[in-house]
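Step one of this worksheet: look at the structure below.
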Amino acid sequence: MSQTKSNIVMIGMPASGKSTVGIILAKALGYDFIDGDLLIQKTTGKKLDELMGEIGTQAFLDLESRIHQNITAERTVIAPGGSVVMEEEAMRHLQEIGTIVYLQMDLDMALDRLHDPKKRGVVLEEGETIETLYYKRLPLYEKYAEITVNERGHALEDLVIQILTKLHGH
C-alpha cells in the first residue's frame with residue numbers, strides 16, 4: 001500500500017498540547033489518532049520515565065525513532081513525542097506520510113507547563129534545562145513545520161480552527 005500525505009503530524013515542545021489538540025483535530029476531520037508516547041509505552045510495556053531510566057537517553061531516542069519510522073497510517077492525526085524532531089530518519093518518514101503542523105509556544109509557556117519534565121518523560125541530557133532544550137529544538141521545529149500555529153492567547157478550539165483553515169488553504 002503506498003502511503004499518501006493524508007496524515008497530519010503535530011510537532012512542538014513537550015506540553016505544547018500535541019495530543020490534546022491532535023485528538024480534537026482528529027474528531028473534527030473524522031480521522032484516527034496516534035499518540036507517539038503511548039505507542040512507545042504499548043510497544044515496551046513501560047512508562048516513558050521508567051524506560052529512559054533503564055536504557056538511557058540515546059537508546060530511548062533510537063527506540064523512539066524506530067517506532068515512529070514504522071508508523072503506517074492514512075487519514076490519521078499523529079502526535080509524536082517532543083523529541084522525535086531530534087531524529088532525522090523519523091522526521092523524514094513523518095514528512096513523507098503527513099503534513100507537519102508545529103504548535104509553537106513561547107519559552108515562558110514551556111517553563112510554566114513543564115513543572116516535572118522527568119516525570120513526563122521529557123528527554124533531557126545531563127545538566128540540560130527546559131530553557132536549553134527549548135532553544136536546541138526550536139530551529140528543528142521551524143525547519144520541519146509546514147504549518148505553524150502560535151498558541152499564545154488561543155483556546156484549544158481556536159488552535160484547531162486555525163489549523164483547519166491553514167490545512168485547507170495549504
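Not measured: the values here are computed from a predicted model.
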Might you work through the side chain to side chain contact (heavy atoms under 4.5 Å, CB included) test for Met109 and Asp112, ending with a clear yes or no? CA-CA 5 Å; Met109 293 171 73; Asp112 189 48; 5.6 Å; no
Does the Lys5 side chain pair with the main chain of Gln95, one donor and one acceptor, at a distance under 3.5 Å? yes
Any chance you could lay out the side chain to side chain contact (heavy atoms under 4.5 Å, CB included) test for Ile11 and Val84, step after step, and finish with the verdict? CA-CA 8 Å; Ile11 63 171; Val84 165; over 6 Å; no
Flag yes if Leu167 and Ile161 sit in one hydrophobic cluster, no otherwise; membership is Ile, Leu, Val, Met, Phe, Trp, Tyr, and two members link when side-chain heavy atoms are under 4.5 Å apart. no
Can you confirm whether Ile163 sits close enough to Leu103 that some side-chain heavy atom of one is under 4.5 Å from a side-chain heavy atom of the other? yes
In this structure, CG of Leu61 is separated from CE of Met52 (nearest 0.5 Å) by 8.0 Å
Could you tell me the separation between the CD1 atom of Ile147 and the CD atom of Gln162, rounded to the nearest 0.5 Å? 11.0 Å
side-chain hydrogen bond (donor to acceptor under 3.5 Å, both in side chains) filter on Gln58, not counting sequence neighbours, yields Asp62
Ala110: what forms a side-chain contact (heavy atoms from CB on, under 4.5 Å) with it, not counting sequence neighbours? Met13, Met105, Ile130, Tyr134
Closest non-hydrogen atom pair between Gly81 and Lys18, with its separation: C-CE, 4.3 Å
Is the shortest side-chain heavy-atom distance between Leu156 and Val160 below 4.5 Å? no
Shortest non-hydrogen pair, Tyr141 vs Pro14, comes out as OH-CD, 4.3 Å
Let's go through Val101 and Leu25 carefully: what are the C-alpha distance in whole Å and the side-chain angles of both, what is the deciding distance for side chain to side chain contact (heavy atoms under 4.5 Å, CB included) to 0.1 Å, and is it a yes or a no? CA-CA 11 Å; Val101 176; Leu25 184 61; 5.6 Å; no
Nearest heavy-atom neighbours spanning Tyr31 and Thr76: CD2-N, 3.4 Å
What residues, two or more places apart in sequence or in another chain, satisfy side-chain hydrogen bond (donor to acceptor under 3.5 Å, both in side chains) together with Asp106? Arg152
Would a 4.5 Å heavy-atom cut-off, applied to side chains only, mark Leu63 and Leu51 as touching? yes
Please answer whether the main-chain N or O of Lys47 pairs with a side-chain N or O of Gln41 as donor and acceptor at a distance below 3.5 Å. no
Ala73 to Ile34 - nearest heavy-atom pair and separation: CB-CD1, 4.2 Å
Return the CG to CG distance between Asn7 and Leu94, rounded to the nearest 0.5 Å. 9.0 Å
Could you tell me which residues satisfy salt bridge (Lys or Arg N to Asp or Glu O under 4.0 Å) with Lys27, sequence neighbours excluded, listed by chain and number? none
Can you list everything that forms a salt bridge (Lys or Arg N to Asp or Glu O under 4.0 Å) with Glu151? Sequence neighbours excluded, please. Arg113
CG-OG1 distance between Leu38 and Thr43, expressed to the nearest 0.5 angstrom: 10.5 Å
Go through Val149 and His154 one step at a time and tell me if the side chain to side chain contact (heavy atoms under 4.5 Å, CB included) criterion holds. CA-CA 10 Å; Val149 178; His154 296 287; 5.8 Å; no
Any residue meeting salt bridge (Lys or Arg N to Asp or Glu O under 4.0 Å) with Glu54, in chain and number order, not counting sequence neighbours: Lys46
Rounded to the nearest 0.5 Å, what's the gap from NE2 on His68 to CZ on Arg66? Could you check? 12.5 Å
Residue set satisfying side-chain hydrogen bond (donor to acceptor under 3.5 Å, both in side chains) with Thr44, at least two apart, ordered chain then number -> none
Counting C-beta onward and ignoring hydrogens, is there a side-chain heavy-atom pair between His93 and Asn70 closer than 4.5 Å? no
Can you name the nearest heavy-atom pair linking Leu111 to Glu131, along with the distance? CD2-N, 4.4 Å
side-chain hydrogen bond (donor to acceptor under 3.5 Å, both in side chains) partners for Glu89, two or more places apart: Arg92
With sequence neighbours left out, the residues meeting side-chain contact (heavy atoms from CB on, under 4.5 Å) with Ser19 are Phe33, Asp35, Ala79
Look up atom CD in Gln69 and atom CD in Glu88, then write down how far apart they are to the nearest 0.5 Å. 10.5 Å
I'd like to check the salt bridge (Lys or Arg N to Asp or Glu O under 4.0 Å) partners of Glu128; sequence neighbours left out, ordered by chain and number. Lys136
Report yes if the side chains of Thr72 and Ile97 come closer than 4.5 Å at any heavy-atom pair, otherwise no. no
Are Ser65 and Met86 close enough that some pair of their side-chain heavy atoms sits under 4.5 Å apart? no
